[in-house]
There are 2 protein chains.
Amino acid sequence: MHSINIQPQEVFQALADPTRIRIARLLAHTGEEACLCELVDSLMEPQYKLSRHLKILRQAGLLSAVKDGRWVYHRLVQGVPHLDRLYDMLKTLPDSDNLFANDLVNFRNRMCLREGGRCRVGIQTKILAVEGE
Amino acid sequence: MHSINIQPQEVFQALADPTRIRIARLLAHTGEEACLCELVDSLMEPQYKLSRHLKILRQAGLLSAVKDGRWVYHRLVQGVPHLDRLYDMLKTLPDSDNLFANDLVNFRNRMCLREGGRCRVGIQTKILAVEGE
DNA sequence: CGCATAGTTGCATTATAATGCAACTATGCA
DNA sequence: TGCATAGTTGCATTATAATGCAACTATGCG
């Protein structure tokens with residue numbers, strides 16, 4: 001994931017999807033790192049779907065991933081000038097239908113389940129794991 | 001072109017193309033407005049191609065267009081908070097291969113052909129008009 | 001060891017997007 | 001009035017991308 005090799009259009013392409021914007025907005029707004037199951041419970045989207053979107057964000061140099069046991073924590077890559085400005089832009093986006101506000105509430109509630117700053121409970125919305133009903 | 005109806009992913013999608021990034025970077029960096037033939041001579045891309053890319057940028061709320069005789073002048077829409085931050089990001093993008101620097105030189109040279117602040121000469125690179133050879 | 005579960009990925013399907021060609025409209029000028 | 005030219009767009013082709021399903025790997029815990 002060397003940002004030096006990533007073309008600008010790849011960065012914009014990575015954010016040219018509503019689900020990936022939801023992920024990036026959550027992380028930009030909270031400054032948090034999150035594992036896949038926390039994002040599944042926050043965005044209410046299938047695990048496999050978010051896993052693939054996270055991969056795209058990683059390949060675009062926007063996210064870094066750190067594995068910790070069964071969990072993989074994702075966070076926005078900091079310190080790259082144009083990316084830091086991109087995060088500023090994400091934080092300034094309008095939220096006319098309060099959809100992001102809803103994601104944010106879910107995310108904060110989900111983060112309350114952490115123990116010692118780590119996710120320990122797994123996917124709470126069981127229907128979103130493995131198969132969607 | 002009411003930016004209120006435009007979703008964030010449409011903005012990023014509009015910039016998820018190298019040619020459209022070249023256009024947006026030129027306008028963000030120079031703060032200028034430009035007509036199609038000036039962009040054709042600066043980017044050295046076919047007229048019909050740039051015309052379509054300009055339309056996509058307009059539909060995403062990034063560009064406004066003003067017609068003046070045969071010429072249509074395009075400029076970045078100003079005063080929208082998240083768009084202004086996007087332009088900041090564009091101005092911060094790296095240019096490792098100096099491709100943007102080259103576009104900028106061509107653009108500035110082309111702007112020297114203006115008379116009274118208006119484009120009056122038409123497409124200089126004739127091969128890029130109507131048909132590409 | 002063996003199960004539960006966090007996370008990943010191949011495949012098929014469907015939708016979207018970029019491009020070149022060529023025909024089109026619109027406008028100024030001789 | 002007719003031509004040159006700035007700019008737009010329909011069409012066909014090709015490439016790329018999003019999704020659901022299902023099978024897969026990896027790791028902790030009893």
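Note on naming: letters A, B, ... go to the chains in the order of the sequence lines (proteins, then strands), and numbering restarts at 1 for each one.
- With respect to the salt-bridge test (charged N to carboxylate O, under 4.0 angstrom), the residues Asp41(B) and Arg110(B) qualify.
- Taking every side-chain heavy atom of Ile123(B) into account, dA6(D) is the closest of dA6(D), dG28(D), dT8(C).
- Across the protein-nucleic acid pair, Arg70(B) atom CZ and dT5(D) atom P stand 9 Å apart, rounded to whole Å.
- A donor N or O paired with an acceptor N or O is found under 3.5 Å between the base of dG10(C) and the side-chain atoms of Arg52(A).
- Applying the 4.0 Å criterion to OP1 and OP2 of dT19(D), one finds that His53(A) has a side-chain N or O inside that range.
- Between Tyr48(B) atom OH and dA18(C) atom C1' the separation is 10 Å, expressed in whole Å.
- Residue Lys67(A) places no side-chain N or O under 4.0 Å from the OP1 or OP2 atom of dA6(C).
- Taking for each of Lys49(A) and Val121(A) the nucleotide of DNA chain C with the nearest heavy atom, the 5'-most of the two is the partner of Val121(A).
- Looking at Tyr87(A), its side chain never comes within 3.5 Å of a backbone N or O of His82(A) through a donor-acceptor pair.
- Between the CD atom of Gln13(A) and the P atom of dA15(D) there is a distance of 17 Å, given to the nearest Å.
- Remark: aromatic rings of Phe107(B) and His29(B) are distant, center separation not under 6.0 Å.
- For the OP1/OP2 pair of dT8(D) and a distance below 4.0 Å, the side-chain nitrogens and oxygens of Arg58(B) include at least one atom meeting the criterion.
- Nucleotide dT27(D) holds its C1' atom 15 Å from the CG atom of Leu36(A), rounded to whole Å.
- For dT8(D), one of the phosphate oxygens OP1 or OP2 lies less than 4.0 angstrom from a side-chain nitrogen or oxygen of Ser51(B).
- Atoms CD (Gln47(B)) and C1' (dC21(C)) sit 14 Å apart, rounded to a whole Å.
- A straight line from CD of Gln9(A) to C1' of dA17(D) spans 16 Å, rounded to a whole angstrom.
- Tyr73(A) carries Arg118(A) over the face of its six-membered ring, with the cationic atom under 6.0 Å from the centre and within 45° of the normal.
- Here Lys55(B) does not reach the OP1 or OP2 of dT8(D): none of its side-chain N or O atoms lies under 4.0 Å away.
- Counting to the nearest Å, the P atom of dT19(C) and the CG atom of Leu43(B) are 12 Å from each other.
- Base pairing analysis places dA22(D) opposite dT9(C); the two distances defining the Watson-Crick or G-U wobble pair are each below 3.5 Å.
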